[in-house]
K.L.:
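One structure, as structure tokens, below. Some questions next.
Note that ligands are numbered from 1 as they come in the structure, with each ligand's atoms numbered from 1 the same way.
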Amino acid sequence: MKPASSADVAVIGCGVIGAAIAWRLSQLGMHVVSIDPAPGDGATHAAAGMLAAVSESDFGEHDLTRMNVEAAKAWPAFAAELEAESGRSTGLRRCGTLTVAYDSGDRAQLRRLLDLRRQWGLDVEEITVDTARHTTPLLGPRIAGAIWAANDHQADPRQVHRALLAALEVRRVEIVRRRAVGLSRAPDGRVTGVADDSGSRHPAGTVVLAAGWASRDLVRDLPMAAVPTRPVKGQVLRLDSSGHPDFTLDHVVRGFVQTRSIYLVPRADGEIVVGATSEEQPDDRIVTAGAVFALLRDARAMIPGLDELPLIEATARARPGSPDNLPLVGASAVDGLVVATGHYRNGILLAPATAAAVTELISAGSIPTSAADPRRFGRDPTPSTPSGGRI
Ligand code: GLY
């Protein structure tokens, strides 16, 4: 039983994941409080927003790819509903994704990935360099191969987040702009609320931990409910093509340039996001000269016309990594505590599916067994589902 003054649910973290969960729960009429010192200023702020279930799929990540493919299907309805309720755009752009190889070594790498993706039954095809140039005339002279993923689209994470905040306001979700510093627990061990850094307590029937890589810190004292997230720093650039009518990119363009991965995400308003580094580093938010150099070097190897564009922003934030690159979404080993973090490179893509799963768990009491079950970690882990075969 929750006390009379208690929220039904307290959500720690108000990035895209936490905000989407708070929104979905509030739609069911639940009293939700969201706790975050700077909503949307974590990984959400840097994210490029690729819905790249196919183009980010990689060796050893079969379960994750399956999850991402399912999640991508939820995006159009999620965006339509959020846009209708908030009156704001999500920047969803159904543009497909081209991935190119710079040299023959990169082409071999791309073909290995193509074989893997075909084996998994994913929607991807090899296209000729001529066809790639036809769809993307800005490609540079040195392109050795290309593949096309017709259903890998994009949304704009900052627009999505603004829409979610507007929807939370409509649903009267209280946002507490403080840092969560601890969990309150009943004598029987159940989690009963959240303490913030002002000393205030926020009692709740259920607490959802959606604080990105920092989620681990809030369960340090609960080894049975370990949340082994870590920061994986990403540096991202933003350029502006709006004043350059000849610079037109109609698709996400990814590439391998002498084995290094690079992507360009073109928004409808002319913003071009170039990313990203992937560094096992703390979340220091420092943009380094070396990273800016490397990103621009590889991006302009694919699209030389970038040279002409104003560089308007360089951002560093950390993704929430997990030990197996899979997210942690579901009940923890501690009553009253639900986990929704560890989304690593796929936070925007997975947000609608994660919000749906957490909402089902809290409202119905259970969700189907999943490879994302947070109880695979911790002192007494529950086995996850086996993997293999087509997706
Ligand atoms: N999903 C792209 C990135 O994390 O850089």
K.L.:
Can you check whether R345 has an N/O within less than 3.5 Å of an N/O in ligand 1?
P.N.:
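Between R345 and ligand 1 (N or O atoms, distance only) the closest approach is under 3.5 Å.
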K.L.:
For Y263, take its heavy atoms, then give the atoms of ligand 1 lying under 4.0 Å from any of them.
P.N.:
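Here the atoms of ligand 1 in question are 2 (C), 3 (C), 5 (O).
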K.L.:
Hey, are R267 and D269 close enough for a salt bridge, meaning a charged N less than 4.0 Å from a carboxylate O?
P.N.:
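Answer for the salt bridge query: no.
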K.L.:
Counting only heavy atoms not in E125 (residues, nucleotides, ligands), do more than 12 fall under 6.0 Å from its CD?
P.N.:
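Buried by this count: over 12 neighbours within 6.0 Å.
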K.L.:
So if I count the atoms of ligand 1 from 1 in the order they appear, which ones are less than 4.0 Å from some heavy atom of E56?
P.N.:
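Those of ligand 1 that fall under 4.0 Å from E56 are 1 (N), 2 (C).
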K.L.:
Verify side chain to side chain contact (heavy atoms under 4.5 Å, CB included) between L138 and F247, making sure each step is shown before the conclusion.
P.N.:
CA-CA 7 Å; L138 290 176; F247 190 100; 3.8 Å; yes
K.L.:
Counting each atom of ligand 1 from 1 as listed, which ones have a heavy atom of A276 under 4.0 Å away?
P.N.:
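Going through ligand 1 atom by atom, the ones under 4.0 Å from A276 are 5 (O).
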K.L.:
Could you check D152, T97, V265, N346 and say which one makes a side-chain contact (heavy atoms from CB on, under 4.5 Å) with M50?
P.N.:
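Filter result, single survivor: V265.
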K.L.:
Measure from atom 4 (O) of ligand 1 to every heavy atom in R254, R319, M50 and give the option owning the shortest one.
P.N.:
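Selected option, by shortest heavy-atom distance: R319.
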K.L.:
Could you check R201, R178, H202 and say which one makes a side-chain hydrogen bond (donor to acceptor under 3.5 Å, both in side chains) with D196?
P.N.:
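Between D196 and the candidates, side-chain hydrogen bond (donor to acceptor under 3.5 Å, both in side chains) is satisfied uniquely by H202.
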